[in-house]
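Order of listing sets the numbers, starting from 1, for every ligand and every atom in it. Everything numeric here is computed off the predicted structure, so don't read it as measured data. We use all heavy atoms of the structure for the numbers below, so side chains are in, but hydrogens, waters and symmetry mates are not.
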Amino acid sequence: MADSVGVIGGSGLGELVGGDRRPVATPYGEAVVTVGELGGREVVFIARHGAGHTVPPNRVNARANAWALACLGVRAIVSTAAVGSLRAELAPERFAIADQLVDRTTGRAGTFFDGADGVVRHLPFAEPFCPELRGLAAAAIPDAAPAATVAVIDGPRFSTAAESRILREHGVDLVNMTLCPEVALAAELGMGTVALCFVTDTDSGNAHDDPDAASAELVFRRLAAAKLRITTALERLVGAVPDSYAPRPTIDDDAIRIVLARPAVP
Ligand SMILES: CSC[C@H]1O[C@H](OP(=O)(O)O)[C@H](O)[C@@H]1O
Ligand SMILES: Nc1ncnc2[nH]cnc12
């Protein structure tokens, strides 16, 4: 049987597939998954912020989520991310496929290889997202910008105008609060990721009275209005992942096996 595709739903996608939500105990605490169907195939769905957006970005248990998906046999992860845009050409309501990350988060548990049991590995991360999955996404969602550099900030507050300007001057296209360390943790467990970004706002805005400047109210309103578009794009992308999909080798299998054998805590 084909491997399930993992789907991590971001803001606005607390519920996506029918099926029972069930807790999975992991060494890092509980993950909540729903095994269901999307795009004609079995998916393991995780709502990043919980079903009712009760988990803020700085408290997402990304290690528990990645560990649960890997244990359930997932090899490809398709995620969604609401993003603020720093570029006029990436206007609100556009899709973009992330290809680079700038990690501006602090203090998040960002690795499975923290040396606790003597297993130390260093993830190659020049290409944080899986090129094969990005190519599939670009073909499946032709109106999406095919590449974008995303800076990930701690949140939950949005950026100041100065922070936003500095990111833009440093070549960043989009801003988000959750893709780090999620993408690296998935790669550490041998899973490939593609992130479908949906532009909800212009971050701190292009003028002091920019109506597209970020606010949670605006982000949720735009996500709600676009839910069908986002779900349809996800279905296409999930349906495009071939049964033969094999992630790029990242960390050696022995080390991954050791991480996945760690005892779950109830
Ligand atoms: C609700 S405003 C900010 C919130 O939206 C994004 O979430 P996600 O990446 O899960 O789609 C952003 O990262 C923040 O968590
Ligand atoms: N402007 C922004 N900054 C960070 N995360 C976001 N998610 C949606 N819009 C955002």
To check your reading of the model: name the closest protein heavy atom to [atom], its residue, and the distance in Å.
{"atom": "atom 5 (N) of ligand 2", "value": "N176 CA, 3.4 Å"}
{"atom": "atom 7 (N) of ligand 2", "value": "A82 O, 3.1 Å"}
{"atom": "atom 6 (C) of ligand 2", "value": "V175 O, 3.6 Å"}
{"atom": "atom 9 (N) of ligand 2", "value": "D201 OD2, 2.6 Å"}

Location of contacts on [X] toward ligand 1, heavy atoms closer than 4.0 Å:
{"X": "V219", "value": "side chain"}
{"X": "F158", "value": "side chain"}
{"X": "R48", "value": "side chain"}

Ligand-residue contact atoms, ligand 2 with [X], heavy atoms, under 4.0 Å:
{"X": "D203", "value": "1 (N), 2 (C), 3 (N)"}
{"X": "A214", "value": "1 (N)"}
{"X": "T200", "value": "8 (C), 9 (N)"}
{"X": "M177", "value": "4 (C), 5 (N)"}

Can you find a pair of side-chain heavy atoms, one from R22 and one from T34, that are under 4.5 Å apart?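 Of all side-chain heavy-atom pairs linking T34 with R22, none is under 4.5 Å.
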Within the structure provided, determine whether V7 and I77 are in side-chain contact (heavy-atom separation under 4.5 Å).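 A side-chain contact under 4.5 Å is absent here.
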I want to know whether F113 and H122 have ring centres closer than 6.0 Å.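 No, they do not, as the ring centres are separated by 6.0 Å or more.
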L13: which of L223, L234, I8 passes side chain to side chain contact (heavy atoms under 4.5 Å, CB included):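 Only one of L223, L234, I8 forms a side chain to side chain contact (heavy atoms under 4.5 Å, CB included) with L13, namely L234.
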Under the side chain to side chain contact (heavy atoms under 4.5 Å, CB included) test against R257, which residue among L260, D254, V259 passes?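 Of the listed residues L260, D254, V259, the side chain to side chain contact (heavy atoms under 4.5 Å, CB included) partner of R257 is D254.
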So, is G84 polar-close to ligand 2, with some N/O to N/O distance under 3.5 Å?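 Yes; at least one N/O pair falls below 3.5 Å.
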In plain terms, say whether R168 and D173 are close enough for a salt bridge, that is, a side-chain N and a carboxylate O under 4.0 Å apart.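 No, this pair does not count.
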Any non-hydrogen atom of F220 lying under 4.0 Å from ligand 1?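 For ligand 1, residue contact (heavy atoms, under 4.0 Å) with F220 is present.
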Would you say the side-chain atoms of D154 and T105 include a donor-acceptor pair closer than 3.5 Å?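 No.
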State whether the shortest distance between N or O atoms of A82 and N or O atoms of ligand 1 falls below 3.5 angstrom.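 Yes; the residue has a nitrogen or oxygen that sits under 3.5 Å from a nitrogen or oxygen of the ligand.
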Does ligand 1 come near enough to H53 that some N or O of the ligand is less than 3.5 Å from an N or O of the residue?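 Between H53 and ligand 1, no N or O pair is found under 3.5 Å apart.
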Table please: side-chain donor-acceptor pairs of residues 175-192 below 3.5 Å, with sequence neighbours left out.
{"residue": "N176", "atom": "OD1", "partner": "T178", "partner atom": "N", "Å": "2.7"}
{"residue": "N176", "atom": "OD1", "partner": "T178", "partner atom": "OG1", "Å": "3.3"}
{"residue": "N176", "atom": "OD1", "partner": "L179", "partner atom": "N", "Å": "2.9"}
{"residue": "N176", "atom": "ND2", "partner": "A82", "partner atom": "O", "Å": "3.0"}
{"residue": "T178", "atom": "OG1", "partner": "R48", "partner atom": "NH1", "Å": "3.4"}
{"residue": "E182", "atom": "OE1", "partner": "R48", "partner atom": "NE", "Å": "2.8"}
{"residue": "E182", "atom": "OE2", "partner": "R48", "partner atom": "NH2", "Å": "2.8"}
{"residue": "E188", "atom": "OE1", "partner": "T111", "partner atom": "OG1", "Å": "3.2"}
{"residue": "E188", "atom": "OE1", "partner": "F112", "partner atom": "N", "Å": "2.6"}
{"residue": "E188", "atom": "OE2", "partner": "T111", "partner atom": "OG1", "Å": "2.7"}

